[in-house]
Amino acid sequence: MTSRRVLVVDDDDAIREIAAVSMRAVGGHDVLTAASGAEALVVAATQSPDVILLDVMMPELDGPTTASRLQEDDRSRGIPVILLTAKVHARDTAPLGRVDGVCGIIAKPFDPMTLPQQVAQMLGW
Amino acid sequence: MTDEPSADRIRADAAAIWREALPRTTRQVAVIDAAVTALRHGRLDEQGREEAQLQAHRLVGAAGTFGFDEASSTARELEAFFESHPTDPADAVAATRLVGALRDGLDLGADADAPDPTVDPVPQGSAEAEDDAEPDPIEAPRVLVVGAGQLPVRPVVTHLRTRGVAVETATPDELDEVLGHLTPVVAVVEACDDGDADGNQAIARCDALGVRVLAVVPSGSSTRVRVGALRAGARLLLDVPTTVGEWSQLADTVASLAMTGDPPAHRILAVDDDETVLGLIRQVLVQAEAGEVVTLSDPAHFWPELNRVEPDLLLLDIEMPGMDGVELCHLVRSHPRWQQLPVVVLSARLDPTTVDRVYAAGADDFVGKPVLAAELRSRIAHRLERTRLHRLLAETDPLTGLANRRRFEMDLARLRGISERQKTPLCLAVVDLDKFKRVNDRYGHDVGDEVLRRTAAHLRDAFRGEDAVARLGGEEFVAAMLGIRRDDAVQRLRVVLGALAGKDLVVDGSAVHIGASAGVAEYRQDGVDFEALYRAADTALRVAKAAGRGIVLAAGTPAPERREVDVAVVENDEVLGELLCHTLTTLGYSCELLADGPQAVERLTGTRRPLHVKTVLLDIDLPGRDGFEVLHALAHHGVTEASSVLVVSARSSDEEALRALRAGATDHIAKPFSVPLLVEKLHRLMAGTR
């Protein structure tokens with residue numbers, strides 16, 4: 001598996017850290033992190049990550065809104081976005097898949113040992 | 001990648017992160033628990049329900065990810081429960097069981113050795129007693145927030161709940177009803193703008209019930225409004241907060257008032273040769289619940305008694321045989337330990353000369369004889385309250401609300417005592433923000449101050465319970481950690497400071513990176529008193545700073561091996577690379593050739609054996625990893641700030657040069673280039689590098 005640059009966005013410190021550790025140590029990727037949608041927009045536009053793992057439920061800019069904003073900026077348009085969510089009902093998750101730029105949804109809780117593999121499969125890495 | 005993806009390592013990292021998040025998790029459970037309790041008493045409001053649903057939802061993801069699968073599904077049941085908008089108190093029984101299961105599933109109950117004092121303890125295994133109609137006194141809200149329109153109530157509630165403080169709200173109209181079934185410790189009351197109105201009545205109502213009132217006045221309020229609030233009984237007066245920092249300061253103040261518990265037990269030492277006067281004083285002060293009163297009728301025993309009792313206030317009679325009160329007062333003030341002790345003098349004579357002598361001797365106040373009960377009570381209460389507030393303020397860093405050095409030294413002394421008694425380790429960390437001066441220079445002091453406040457808030461969240469944290473000044477913080485050895489403390493600091501990077505600030509569209517380094521010393525091993533521990537930790541911090549940024553080192557660790565060269569040449573064309581290196585070496589520069597992108601990133605940004613260079617000569621046309629990616633990685637790790645980067649590209653298009661410069665390159669040169677021109681550029685870049 002080649003090394004990529006991954007941006008992990010979650011306002012929950014613990015989840016952000018464990019996802020970062022997982023992508024870094026298990027996946028062997030370069031990991032950037034952001035604690036809010038607003039930060040994610042800046043980091044995505046300036047650091048050109050290969051994929052963005054984006055928490056759905058965040059205060060102020062939530063995941064879907066952040067995903068749409070990413071598409072509005074030339075510098076971050078087209079970066080694949082994978083949403084992380086603890087929602088389980090199809091009625092909740094189905095609309096998320098239709099947000100521009102979203103190419104996958106991973107359910108929380110996730111397994112840190114297999115998260116990078118899940119991401120790689122979704123993106124065909 | 002060099003690291004073996006080892007499951008053990010991930011597990012260890014996960015465990016460390018989970019420990020770090022434990023106080024937060026405890027608070028999340030407390031919020032859910034409070035909502036269930038409120039439901040049991042038929043008092044669950046929409047806000048509480050929503051908050052509980054949100055916290056349960058968050059726990060679903062967090063608990064499961066860290067391997068607490070049962071807790072995750074219990075949290076999901078609780079989320080669904082609150083999502084159903086429960087109103088029937090009967091449903092609370094099942095929900096209480098779920099909360100118990102959640103706590104068990106998260107191993108929170110087993111952690112009895114390290115209770116979080118900010119969270120109300122919850123009785124364990126009392127499922128049978130759950131139907132008690134009496135509100136559980138332990139879980140009753142300690143803070144009541146009374147808003148009259150200008151004070152945004154919700155942020156107050158949210159800030160306090162995240163500090164584990166149970167909160168109830170009321171409008172001035174509902175106040176009587178709410179106070180009927182609830183006696184909070186602290187009331188946060190919005191003072192009213194028009195003199196005689198509701199705000200002041202609300203303050204007076206709360207004060208009459210013995211509730212400590214913190215009045216909040218709209219900023220710009222007149223002196224008349226402020227005095228009105230104080231006259232009605234407010235103990236503290238704050239302006240309606242406008243910034244995040246002010247909000248958390250308000251919440252900290254309220255939380256500390258709410259947590260310090262009911263009237264602080266003050267000790268008063270009263271010295272008078274007349275036993276009847278002493279009897280009267282004792283009676284008055286005990287009735288007023290001013291605190292514990294110790295009396296002394298023989299001034300000859302004054303000094304040993306003072307040091308034994310360690311009073312919070314001293315009451316001295318002026319006319320005594322042998323040694324008078326003025327002399328005793330002089331004696332008290334002559335010792336540094338008692339400089340701050342409030343002294344109130346009793347005297348039958350109030351002539352100007354006596355008054356002058358008394359104040360000159362260092363007394364704070366005067367009570368005439370014969371003693372009037374009301375006067376004595378109010379002067380002493382006033383003096384004690386002022387001392388307490390004064391102490392609180394004198395021990396707090398005004399910018400961040402953290403403890404200051406003075407307070408920290410006292411905390412450390414206390415922790416050293418615990419460490420000795422319980423034979424448990426104690427560590428001290430000195431934390432210093434990286435490149436903070438540059439933040440101030442580039443963005444101004446407002447941004448710098450916000451960075452300090454965010455750092456302080458993060459450290460305060462990270463070090464709770466038995467830990468202590470303080471700001472020493474500038475960008476320097478200290479933390480004391482009980483029950484942890486030096487190497488573990490280093491690991492913990494790495495996680496805490498790593499998470500600090502997530503608190504980056506966005507100013508004018510660019511992220512202001514917050515990073516810090518730290519040094520850690522252990523009590524006994526590296527020193528015994530604050531000075532020695534600080535010195536040991538600070539020495540380690542300096543080594544860490546010299547090695548790079550974001551590094552945490554234990555005292556006594558030698559500096560990581562560090563290799564410095566003048567120029568790193570990142571060039572995949574072997575012939576060109578060798579040629580450049582040869583040329584540079586003959587010109588007297590040390591040089592290292594890095595043959596591809598991944599190697600360049602690894603060598604220039606890796607933490608193991610970082611290569612420190614003055615200048616990077618980067619060919620942008622690299623196979624595998626595009627030179628721009630290398631450039632981004634260098635920028636991300638701060639290499640473009642510490643070193644200059646000269647980008648070489650085959651195309652002389654302006655666009656590519658511009659792109660490189662924007663991505664952090666210092667200069668650009670197009671291929672084919674003349675070697676003298678390249679050397680001249682390098683020479684200039686290096687002359688400009690430190």
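Computation of the quantities below employed the complete heavy-atom set of this structure, encompassing side-chain atoms and omitting hydrogens, waters and symmetry-equivalent molecules. What you see is a predicted model, and the numbers here were worked out from it, not measured in a lab. Within every chain, numbering begins at 1; the chains are lettered A, B, ... in the order of the sequence lines, protein sequences first and strands thereafter.
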### Message
Between B/Leu54 and A/Met57, is there a side-chain heavy-atom distance shorter than 4.5 Å?
### Response
yes
### Message
How close do A/Pro109 and B/Ser72 get, counting heavy atoms only, and between which atoms?
### Response
CG-OG, 3.7 Å
### Task
Identify which of B/Asp69, B/Val60, B/Val495 forms the greatest number of heavy-atom pairs closer than 4.5 Å to chain A.
B/Val60
## Note on the structure
When every non-hydrogen atom of B/His632 is compared with those of A/Arg5, the smallest separation belongs to C-NH2, 3.6 Å
### Message
I need the minimum non-hydrogen distance between A/Gln47 and B/His636, along with the two atoms involved.
### Response
OE1-CB, 3.7 Å
### Query
Using non-hydrogen atoms only, which part of A/Ser48 is less than 4.5 Å away from chain B: side chain, backbone, both, or neither?
side chain
### Query
Rounded to the nearest 0.5 Å, how far apart are CG of B/Leu59 and NZ of A/Lys108?
11.0 Å
### Task
Can you measure from OG1 (A/Thr85) to NE2 (B/His57) and round to the nearest 0.5 angstrom?
5.0 Å
### Query
Could you state the interatomic distance from CD1 (A/Ile18) to CD1 (B/Ile17), rounded to the nearest 0.5 Å?
4.5 Å
### Query
Are more than 12 heavy atoms from other residues, nucleotides or ligands located less than 6.0 Å from atom CZ of A/Arg69?
no
### Task
For chain B, find its close neighbours in residues 8-17 of chain A: heavy-atom separation under 4.5 Å, sorted by number, or none.
A/Asp11, A/Asp12, A/Asp13, A/Ala14, A/Ile15, A/Arg16, A/Glu17
